[in-house]
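Note that the structure is a prediction, hence the values are computed from the model and not measured. To find a chain, count down the sequence lines: A is the first, B the second, and so on, and within it residues start at 1.
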Amino acid sequence: MGPLIPNGIIPEDWNYIIAILIGFAFGYILEASGFSSSRKLAGVFYGYDFAVLKVFFTSAVVAVIGLYYMDYLNWVDISQLFVQPTYLWAAIIGGMIMGVGFLAGGFCPGTSLCAVAIGKIDGIVFTLGLTIGIFIFSESFSALEPLFESSNLGNITLVDSLGISPYWIIFIFTIIALVAFYFSDWVRSKVKKVFY
Amino acid sequence: MVEKKQLNRHVYWNPYFGGFVLGLLIILTFYLTGRGLGASGALKSGVVTVVHTVAPTHAENNVYYSKFIKEGESPMNNWLVFEAIGVLLGAFLSGAFTGRLKLKVQHSPKITSRRRLVFALIGGVLFGIGAQVARGCTSGAALSGMAVLSTGGFITMLAIFGTGYAVAYFFRKNWI
């Protein structure tokens, strides 16, 4: 039963080869979906292109349905999958800083790597900025540590937070995604076209 | 030339198809490794490696860097670093197949390349800081988090997009 590498079904030696192959597919999908273009990505915030919303939410819905279905079939043990611990204020404030960074720079780390790969100079500069940002964070860590380490709620999921069955959460999440897709098409039909 | 431009606009995948394939990839990644995808982690490993090489004592005395420094093992010896190498290769190949390989600055005709690059740098710095504060970026925290219903993943996603919409007005000249 999965996950295969942690349970020793695929030997640990394959880990890095699998990492490159998975990364390869990830980069290919992002670039082919147009995520190497900052103007396409920014479109989601101005209503002229909703590719980010559609790709992001379709993949999240497909992944969560698939993983829970595989858990139901006993192909994978969902409790063994890594859930990032929730540090409430760090998640909110970090997310807000990333939101401003997204609008200023037009990329996020994964998409900027794709932009670098196809020769976008703005992507190269953004990626350089990322490393400077990581450096600034690390050098000022003693000042940021209280925020970084505070309000640790543990490795919680929405099942713990909301106290309802995961299947209901997935169902509601899917409905929200479908409504968002429909709404985004409506918005796009009202907004002035932007060509890039 | 004009014809090529028009072709380029339609050469991207349908977003629902792209999202579906990406969803399958996330499932496969969790099924194989027990963890999700990531992107900023590889850059963090790079920064830690450079600082540790240039100023070893400084890095070992810093509480944050020292979390990622292990005796006798390079911080580059990390799953996410190999994944990021794959991302570069995969994106390069997709760009090569579709004729998108080109050294250029992409920006709105209303702004100069210089302005675009200044904002790209500022945005990168902010995103780099934010991704460390939140322990992951759009890929690692938000997308992979949502796939396992992580509460933090949903909060980070809402904070990124909510703030994005809140500040979009101030950056409109750069994009529309």
Side-chain angles (χ1 to χ4, degrees), chain A residues 2-6 16 19-20 23-25 27-29 31-34 42 45-46 51 54-55 58-60 62-63 66 81-83 86 91-92 94-99 101 103-105 108-110 113-114 117-119 121-122 125-126 129-130 132-134 137-138 141 156-158 161, chain B residues 12-13 15 18-19 22-23 25-27 31-35 39-40 47 64 79 82-83 86-88 90-92 94-95 100 103 105 117 119-130 132-134 137-139 146-152 155-156 159-160 163-164 167-168 171 175-176:
Chain A
L4 299 181
I5 293 173
Y16 289 157
I20 293 182
F24 184 89
Y28 197 101
I29 295 166
E31 209 291 323
S33 303
F45 294 107
Y46 298 99
K54 290 175 177 173
V55 172
T58 307
S59 62
V62 167
L81 303 183
F82 176 72
V83 175
T86 299
I92 294 173
M96 289 172 73
I97 299 171
M98 286 191 268
L103 265 291
C108 60
L113 287 178
C114 296
I118 65 157
I121 297 163
D122 41 332
V125 171
F126 184 92
L130 284 175
I132 297 171
I134 296 166
F137 173 87
S138 313
F141 185 68
I156 55 165
T157 64
L158 290 182
S161 305
Chain B
Y12 294 131
W13 283 357
L22 182 56
L25 180 69
I26 297 169
I27 295 172
Y31 182 58
L32 292 174
T33 70
R35 303 176 72 102
S40 56
V47 172
Y64 195 64
W79 198 89
F82 286 87
E83 191 218 333
V87 169
L88 290 171
F92 178 82
S94 166
R100 286 196 285 265
L103 213 56
V105 181
L117 293 181
F119 274 91
L121 187 69
I122 296 169
V125 171
L126 287 172
F127 219 116
I129 295 171
Q132 298 313 301
V133 172
C137 61
T138 356
S139 316
M146 284 160 71
V148 288
L149 297 180
S150 155
T151 304
I155 292 171
T156 306
I160 294 175
T163 310
V167 300
F171 293 100
W175 305 109
I176 53 172

> How many angstroms lie between atom CZ of A:F45 and atom OG1 of B:T163, to the nearest 0.5 angstrom?
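One finds 9.0 Å between CZ of A:F45 and OG1 of B:T163.
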
> Nearest 0.5 angstrom please: B:L126 CG to A:L130 CG, how far?
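Reported value, rounded in 0.5 Å steps: 10.0 Å.
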
> What I want to check is whether the side chains of B:T151 and A:T86 have a donor and an acceptor closer together than 3.5 Å.
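Absent: no donor and acceptor within the cut-off.
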
> Need one label for B:S150: side chain, backbone, both or neither, based on atoms under 4.5 Å from any heavy atom in chain A.
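Answer is both: backbone and side chain atoms of B:S150 are under 4.5 Å from chain A.
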
> Nearest 0.5 angstrom please: A:I5 CD1 to B:R35 CZ, how far?
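That separation rounds to 12.0 Å.
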
> Could you give the distance from CZ (A:F126) to CZ (B:F119), rounded to the nearest 0.5 Å?
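One gets 13.5 Å once the value is rounded to the nearest 0.5 Å.
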
> Identify which of B:G152, B:A39, B:G130 forms the greatest number of heavy-atom pairs closer than 4.5 Å to chain A.
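Option with the top pair count is B:G130.
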
> If we define contacts as heavy-atom pairs under 4.5 Å, which of A:A42, A:A63, A:G2 has the most with chain B?
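Highest number of heavy-atom pairs under 4.5 Å: A:A63.
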
> How long is the span from the CG atom in A:L103 to the CD1 atom in B:I122, to the nearest 0.5 Å?
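Going from CG on A:L103 over to CD1 on B:I122, the span is 13.0 Å.
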
> Any non-hydrogen side-chain atom of B:W13 less than 4.5 Å from a side-chain atom of A:V55?
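No. Closest side-chain heavy atoms not under 4.5 Å.
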
> Can you tell me how far the OG1 atom of B:T33 sits from the CG atom of A:L81, to the nearest 0.5 Å?
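Reported value, rounded in 0.5 Å steps: 8.5 Å.
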
> Sort out for me which of B:L88, B:V167, B:L32, B:I176 touches chain A most, counting heavy-atom pairs under 4.5 Å.
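With the most close heavy-atom pairs to chain A, the winner is B:L32.
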
> Work out which heavy atom in A:G66 is nearest to a heavy atom in B:I27; give both atom names and the distance.
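For A:G66 versus B:I27, the nearest heavy atoms are CA-CD1, 3.6 Å.
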
> Using heavy-atom distances under 4.5 Å, tell me whether B:V47 contacts chain A through its side chain, its backbone, both, or neither.
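Contact with chain A is through the side chain of B:V47 alone.
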
> Does B:F92 CZ have over 12 foreign heavy atoms under 6.0 Å away?
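No, CZ of B:F92 has 12 or fewer neighbouring heavy atoms, counting only those of other groups under 6.0 Å.
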
